[in-house]
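Below is one structure, written out as structure tokens; the observations come after it.
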Amino acid sequence: MPKKKTTKPEANEAAEKEENTSAEQTAEKEETKEVNDKQSDSDYEKLKKEYDTQKDQFLRMAAEYDNFRKRTEKEKLATYDNAVAATVEAFLPVVDNFALAMASSADVSDDFKKGLEMIEQKLQNALKQLNVTEFGERGEEFNPELHNAIARIDDDELEEDHIVQVYQKGYKIGDKIIRHAMVQISN
């Protein structure tokens, strides 16, 4: 079969078809690209929201853990202080009786008095090692959170609401009161 020669109008038509096809393909590609871009933007927004949610949950969990750790540490210290306070409270009558013995030791021999002073010093050192401090001295200002006032008396030497006499010393560990001081205060 002989080859058919294409004429110019047919060639132009073929070229136009190719241009139209490539223009249509380009338009389709652009539409597809726009759809993909919109979908990508939508996917990006979804991922960003999910990321923000996960990040927020992580930060909340980290803060919750930190609070738990701090609370546990405080509870551990409080447990220790409570145990020490209970132990010291059991020994306070002995300390009180020892203070009474020291106050009435004027009529005993010097060796016996020296022995009592040494024992008292050891008791005070033991309390100090446990971070126990005593309070309630004559002349201190009355504080109802620390002192139990059992009487009021006129005293010209002291201002109003100051301790005149201490019947029983108070003890505390840090801010925890082991025993309130029993005192007499001035009018």
Side-chain angles (χ1 to χ4, degrees), residues 48-187:
K48 179 146 177 48
K49 284 181 183 177
E50 188 177 324
Y51 168 77
D52 289 342
T53 303
Q54 293 291 329
K55 182 179 176 184
D56 185 54
Q57 286 176 345
F58 172 76
L59 290 174
R60 287 177 189 271
M61 189 178 353
E64 200 172 302
Y65 174 74
D66 191 44
N67 290 339
F68 170 76
R69 185 182 53 78
K70 288 176 183 176
R71 186 175 56 248
T72 305
E73 187 67 29
K74 282 182 185 177
E75 288 173 356
K76 190 187 305 181
L77 289 174
T79 301
Y80 175 77
D81 286 348
N82 289 338
V84 170
T87 305
V88 169
E89 191 172 16
F91 284 103
L92 287 181
V94 175
V95 173
D96 291 338
N97 288 337
F98 210 81
L100 290 173
M102 288 297 295
S104 64
S105 67
D107 299 340
V108 296
S109 69
D110 287 339
D111 289 339
F112 187 74
K113 190 173 185 176
K114 186 176 180 180
L116 288 177
E117 289 171 354
M118 290 172 63
I119 294 171
E120 181 184 36
Q121 186 62 39
K122 288 194 181 236
L123 276 172
Q124 294 302 322
N125 288 340
L127 292 175
K128 195 178 284 186
Q129 283 179 340
L130 294 171
N131 296 323
V132 175
T133 55
E134 63 180 38
F135 57 91
E137 295 290 330
R138 177 178 164 80
E140 282 183 21
E141 187 174 353
F142 175 72
N143 181 348
E145 293 177 5
L146 301 175
H147 308 108
N148 284 338
I150 57 173
R152 282 190 168 270
I153 190 170
D154 291 328
D155 192 318
D156 297 334
E157 296 176 16
L158 297 172
E159 297 177 27
E160 185 178 346
D161 289 336
H162 281 70
I163 298 173
V164 176
Q165 185 175 357
V166 179
Y167 294 108
Q168 194 176 51
K169 287 192 175 197
Y171 293 90
K172 65 181 180 174
I173 296 176
D175 292 335
K176 181 175 179 53
I177 305 294
I178 299 172
R179 181 177 76 187
H180 292 81
M182 258 197 282
V183 296
Q184 183 180 49
I185 57 174
S186 60
N187 282 331

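Side-chain contact between Glu73 and Arg69 is absent, with no heavy atoms from C-beta onward closer than 4.5 Å. Here the side chains of Val84 and Lys176 are not in contact, with every heavy-atom distance at 4.5 Å or above. Residues Met182 and Lys169 form no side-chain contact, since every pair of their non-hydrogen atoms from C-beta on lies 4.5 Å or further apart. Val183 has its side chain out of reach of Ile150: every pair of non-hydrogen atoms, C-beta onward, lies at least 4.5 Å apart.
When all heavy atoms of Ile177 and Phe135 are compared, the pair lying nearest together is CD1-CZ, 4.2 Å. The two residues Gly136 and Ala181 make their nearest non-hydrogen contact at CA-CB, 4.2 Å. Closest non-hydrogen pair, Leu116 versus Ser105, comes out as CD1-CB, 4.0 Å.
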Working note: Thr53 + Phe58, criterion side chain to side chain contact (heavy atoms under 4.5 Å, CB included); need CA distance, chi angles, decisive distance, verdict. CA-CA 9 Å; Thr53 303; Phe58 172 76; over 6 Å; no
Intermediate values then yes/no, side chain to side chain contact (heavy atoms under 4.5 Å, CB included), Lys172 and Asp175: CA-CA 7 Å; Lys172 65 181 180 174; Asp175 292 335; 5.7 Å; no
Is there a side chain to side chain contact (heavy atoms under 4.5 Å, CB included) between Leu92 and Ile178 once you walk through the steps? CA-CA 10 Å; Leu92 287 181; Ile178 299 172; 4.0 Å; yes
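Counting non-hydrogen atoms of other residues, nucleotides and ligands closer than 6.0 Å to OH of Tyr167 gives a total above 12. Counting non-hydrogen atoms of neighbouring residues, nucleotides and ligands closer than 6.0 angstrom, the CD atom of Glu50 reaches no more than 12 such neighbours. The environment of Phe91 atom CZ is sparse: at most 12 non-hydrogen atoms of other residues, nucleotides or ligands sit within 6.0 angstrom.
Rounding to the nearest 0.5 Å gives a distance of 8.0 Å between NZ of Lys70 and NZ of Lys74. Interatomic distance, Lys55 NZ to Tyr51 OH, rounded to the nearest 0.5 Å: 4.5 Å. Taking CD from Glu137 and CD1 from Ile163, the interatomic distance works out to 8.0 Å, rounded to the nearest 0.5 Å. For the atom pair OG1 of Thr133 and OH of Tyr171, the computed distance is 10.0 Å after rounding to the nearest 0.5 Å. One distance of note links OG1 of Thr72 with CG of Leu77; it measures 11.0 Å at 0.5 Å rounding. Taking CG of Leu130 as the reference point, atom CG of Asp81 lies at 10.5 Å (rounded to 0.5 Å).
Gln57 is linked by a side-chain hydrogen bond (donor to acceptor under 3.5 Å, both in side chains) to nothing, counting only residues two or more places apart in sequence or in another chain.
Between the side chain of Asp56 and the main chain of Asp52, no donor-acceptor pair closer than 3.5 Å is present. At least one donor-acceptor pair closer than 3.5 Å links the side chain of Ser186 to the backbone N or O of His162. Although no hydrogens or angles enter the test, the distance criterion places a donor-acceptor pair under 3.5 Å between the side chain of Asn97 and the main chain of Pro93. No donor-acceptor pair closer than 3.5 Å links the side chain of Arg152 to the backbone N or O of Ile185. Listed for the Arg179 side chain is no donor-acceptor partner under 3.5 Å among the backbone atoms of Glu89.
Salt bridge status for Lys113 with Asp110: absent, with no side-chain N to carboxylate O gap under 4.0 Å.
Paired with Arg138 under the rule side-chain hydrogen bond (donor to acceptor under 3.5 Å, both in side chains), one option of Gln165, Glu157, Gln184 passes, and it is Glu157.
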Throw together a table of side-chain donor-acceptor distances under 3.5 angstrom for residues 117-129, partners on residues two or more places apart or in other chains.
residue, atom, partner, partner atom, Å
Gln121, NE2, Asn125, OD1, 3.3
Asn125, ND2, Gln121, O, 3.4

